[in-house]
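Counting starts at 1 for both ligands and their atoms, following the listed order. Reckoned from all heavy atoms, side chains included, excluding hydrogens, waters and symmetry mates. Residues take their numbers from the sequence shown, with the count starting at 1. Nothing here was measured: the structure is a model prediction, and the numbers come from that model.
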Amino acid sequence: MLIAAPKVPRPPASAIDRAKLALEQRVGASRVITDPNGCATYGEDESEVAAVTPDMVVLAESADHVAATLAVAAEHRIPVTPRAGGTGRTGGAVPVAGGIVLATASLARVKEVNRDDMLVVVEPGVVTGELHALVEREGLFYPPDPNSLEHCMIGGNVAENAGGPRALKYGVTREYVLGLEVALMGGTRLRTGRRTVKGVTGYDMTALFVGSEGTLGVFTEITLRLVSKPAEIATVLALFSDARAAGQAVTDVLRAGLVPRCLELMDARTLGAVRAQGVAIDERAGALLLAEVDGDSALVEAQVARLGETLSGAKGLVALQAAQDAAQRGRLWATRRALSPATKRMAKHKLSEDVVVPRSRIPELLERVDAISAATGVRALTYGHAGDGNLHVNFLWDDDAERPAVDDALHRLMKDTVAVGGTLTGEHGIGVTKAAYLPLEQSSELIAVQQGLKRTFDPHELLNPGKIFPVR
Ligand code: LAC
Ligand code: ZN
């Protein structure tokens, strides 16, 4: 593990004992885990944050269980860390203050699939990839597609406002959340939002909860907007001499008025990792763009033609090819989805970021990453959702002695991102790993207003403590 959990005080043993008894009564002893081995499996997520074993895990199976847990926790002043799939990348599900992990994975019913109103009502433990398959059988489409879609759950996707490659055309999770049922610290249950496409009643509380990283409330039901499933998809692969040329081509494509559903970039080192997986890629290529368009067949054909024209004129183009069939498309995407584990194998340690810059500044960000690498001696590789300006910059190292240089590289990346008009995170959230950098992007006044909101929902700062805001 690479990042120490922040030091947030743990609750006293006496309070834990009382809370345990109360929880066993209210949710049932079989749903409360207290043995350290059982608890330890709930101590980490897919980030590099050091694991912390909670004192208890509640396996909620109903909204009542969630509300009861939050009531008991408030009464006994026990910290609570909500958890769905546990696939988060910034430590959001790591229970840094111990206390209770409130697991919602078993709250996994699909309550309604409504074709006419094009919506679905689900519980937080529904696996995102399973939701995709379910609605697509009905001719409907839920676009957000985090790369962990086989394991991640809707509750966590909403908590982090997850993105994925298709966000370029379709937007991130927030664009699809119509309404929520949320349990607050203390056990109050709220319904926010609506089932209609339009609606502006009151403050947009749904939007506030989306992306709040489990710090304001715990979702027990989620109403998601759906769209029609696109009839056809086509994938085009463009190879470039270098990443800056590929970055410039992103701007060319968007300026041509094209809105591909995905426009993914991989730099030279990333291609090295892909080749190491046994995927043959033209040796002349020092960068790759993967573009995908969708729609009815006439639209897809027209977009592929336009993409071809635009990319053929791009500087530094080495080769252009269209995926010939679904199998080839599948292989391209399997490679893309495997990038995170594949790049992890390139070194003993890897830290992966998800910064976003205005799209016109992608070439500049890539230059700055090279400069950071040169100045600090830390290896870097970059890939990601270039169409959104959302790039996964990864720092790799083998020797613990390099760690101070890595911290320096990370800090420089965050500063440079903000300097070119960007933002620290596009889809993984601030969590633990980026909390220290929040003041680089946001003023102390803005942070204070957000902390005031947090206290309105959670006056004793018990819900997912140690996340988003720097720990004092
Ligand atoms: C990806 C994840 C890490 O895009 O966000 O691969
Ligand atoms: Zn991503």
For ligand 1, which atoms, with element, lie under 4.0 Å from some heavy atom of His428? 2 (C), 3 (C), 5 (O)

Please work out whether the ring planes of His392 and His428 are parallel, tilted or perpendicular, with thresholds of 30° and 60°. parallel

For Arg89, the ligand 1 atoms with a heavy-atom partner under 4.0 Å come out as 3 (C)

Is the ring centre of Tyr142 less than 6.0 Å from the ring centre of Tyr170? no

Residue that, paired with Arg379, satisfies salt bridge (Lys or Arg N to Asp or Glu O under 4.0 Å) out of Asp370, Asp398, Asp399: Asp398

Can you see whether Arg194 engages Thr206 through a side-chain donor-acceptor pair at a distance of less than 3.5 angstrom? no

So for Arg336, does at least one of its heavy atoms come nearer than 4.0 angstrom to any atom of ligand 1? yes

The Zn ion (ligand 2) to nearest N/O/S of Glu427 less than 2.8 Å: yes

Within the 4.0 Å heavy-atom shell around His385, which atoms of ligand 1 are there? 4 (O)

Out of Asn147, Asp354, Thr87, indicate the one that has the non-hydrogen atom closest to atom 6 (O) of ligand 1. Asn147

Between His385 and the Zn ion (ligand 2), is there a contact where an N/O/S atom of the residue lies under 2.8 Å from the metal? yes

Do Val122 and Lys111 have side chains that get closer than 4.5 Å, going by heavy atoms? no

Counting N and O atoms only, with roles assigned by atom type, does the side chain of Arg269 sit under 3.5 Å from a partner on the main chain of Ala380, one being a donor and the other an acceptor? yes

